[in-house]
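Reviewing the structure listed below.
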Amino acid sequence: MNAIEKLISDSTREQYSEEDRGYLGVTAITVDTDTSSAYNLPKGAYIRNLEEGGPAEDTELSVGSVIIAVNGYEIASADELVEELSYYKPGDRITITAYVPMDGVYVEKEFEITLGAKTMYNE
């Protein structure tokens, strides 16, 4: 989705407060152009940690996977991932597109994930 389409779509979507938004259960850092070149990684939101028992843990997403889209919205940074997830509430089913490391190469895959509530995992 290009920037203009995203702006039009974002104006019609509801954004949830931090305590009311859906929870994916990952900690991510940004893979920018320099990092991508230096470490031969895809650009996007690199998963540093999966929350034990979190929604993402039951998928093939793993530490080292790089999220590049949520429901078709491109993700170029960890901040963009957080921003995009703010439009979903617990129980919403989303599609994550990510590059997953497999046998020394990154393979693009899609994952259907039902978001949880953050309080469920951090009590």
Side-chain angles (χ1 to χ4, degrees):
M1 180 172 294
N2 70 36
I4 293 172
E5 290 171 331
K6 184 171 175 14
L7 284 172
I8 292 168
S9 177
D10 284 354
S11 67
T12 61
R13 299 192 304 165
E14 180 179 356
Q15 197 168 24
Y16 297 95
S17 66
E18 189 169 343
E19 52 274 349
D20 293 333
R21 67 181 58 158
Y23 181 65
L24 183 59
V26 302
T27 303
I29 58 172
T30 299
V31 177
D32 59 16
T33 301
D34 292 339
T35 306
S36 176
S37 296
Y39 295 99
N40 197 28
L41 294 168
K43 290 187 278 185
Y46 178 93
I47 298 176
R48 276 183 21 175
N49 184 51
L50 289 171
E51 181 79 28
E52 187 175 331
E57 187 184 51
D58 292 333
T59 70
E60 290 180 47
L61 281 172
S62 61
V63 170
S65 295
V66 180
I67 296 173
I68 60 167
V70 174
N71 282 353
Y73 287 89
E74 291 181 17
I75 302 298
S77 68
D79 288 340
E80 285 184 12
L81 176 61
V82 171
E83 170 77 15
E84 187 55 35
L85 291 174
S86 72
Y87 291 99
Y88 303 96
K89 61 188 181 308
D92 284 350
R93 191 151 178 86
I94 62 170
T95 301
I96 296 283
T97 306
Y99 283 105
V100 179
M102 300 182 101
D103 299 324
V105 296
Y106 277 90
V107 178
E108 185 175 323
K109 292 188 161 204
E110 286 191 348
F111 303 92
E112 297 290 323
I113 299 173
T114 301
L115 297 174
K118 189 170 184 175
T119 55
M120 292 172 53
Y121 304 99
N122 294 323
E123 291 181 344

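- Note on L50 and I96: same hydrophobic cluster, where clusters join Ile, Leu, Val, Met, Phe, Trp and Tyr whose side-chain heavy atoms are under 4.5 Å apart, directly or indirectly.
- The residue from V66, V100, T27, I67 that alone fulfils the side chain to side chain contact (heavy atoms under 4.5 Å, CB included) condition with I47 is I67.
- Looking at Y16 and S86, their side chains never come closer than 4.5 Å, going by heavy atoms from C-beta outward.
- At most 12 non-hydrogen atoms from other residues, nucleotides or ligands lie less than 6.0 angstrom from CZ of R48.
- In plain terms, the two heavy atoms of A45 and S77 that are nearest each other are CB-O, 3.8 Å.
- The two residues E80 and A76 come nearest to each other via the heavy atoms OE1-N, 2.8 Å.
- Of the possible polar contacts, one joining the S36 side chain to the L41 backbone as a donor-acceptor pair under 3.5 Å is found.
- Across L61 and T59, no two heavy atoms sit closer than the pair N-OG1, 3.0 Å.
- With values rounded to the nearest 0.5 angstrom, K118 atom NZ is found 11.0 Å from L85 atom CG.
- Shown here for R93 and E112, the closest heavy-atom pair between the two residues is NH2-CB, 3.1 Å.
- Linking ILVMFWY side-chain heavy atoms closer than 4.5 Å, directly or via other members, places Y46 and V70 in two distinct hydrophobic clusters.
- Looking at L81 and V26, their side chains come closer than 4.5 Å, going by heavy atoms from C-beta outward.
- Around CD of E19, the count of heavy atoms belonging to other residues, nucleotides or ligands within 6.0 Å exceeds 12.
- Hydrophobic cluster membership is shared by L24 and Y88, with clusters built from Ile, Leu, Val, Met, Phe, Trp and Tyr side chains linked at under 4.5 angstrom.
- The backbone N or O of D34 sits nowhere less than 3.5 Å from a side-chain atom of S37 that would complete a donor-acceptor pair.
- E18 CD to D20 CG: the interatomic distance, rounded to the nearest 0.5 Å, is 10.5 Å.
- Y99 and V107 are members of different hydrophobic clusters when ILVMFWY side chains are connected at heavy-atom separations under 4.5 Å.
- Shown here for A117 and Y23, the closest heavy-atom pair between the two residues is C-CB, 3.9 Å.
- Judged by distance alone, with hydrogens and angles left aside, the side-chain atoms of T30 form a donor-acceptor pair with the main-chain N or O of A78 at under 3.5 Å.
- Shown here is E108, whose CD atom has more than 12 heavy atoms of other residues, nucleotides or ligands within 6.0 Å.
- Side-chain contact check for N71 and Y87: no donor-acceptor pair (N or O, by modelled atom type) lies under 3.5 Å.
- Considering CD1 of I68 and CD of E110, their distance stands at 9.0 Å, rounded to 0.5 Å.
- Between the side chain of D58 and the backbone N or O of P55 there is no donor-acceptor pair closer than 3.5 Å.
- Note on Y39 and V63: separate hydrophobic clusters, where clusters join Ile, Leu, Val, Met, Phe, Trp and Tyr whose side-chain heavy atoms are under 4.5 Å apart, directly or indirectly.
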Could you go step by step and tell me if E84 and R13 meet the salt bridge (Lys or Arg N to Asp or Glu O under 4.0 Å) rule? CA-CA 11 Å; E84 187 55 35; R13 299 192 304 165; 2.7 Å; yes
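- Of the inter-residue distances, the one linking K109 atom NZ with T97 atom OG1 reads 12.5 Å to the nearest 0.5 angstrom.
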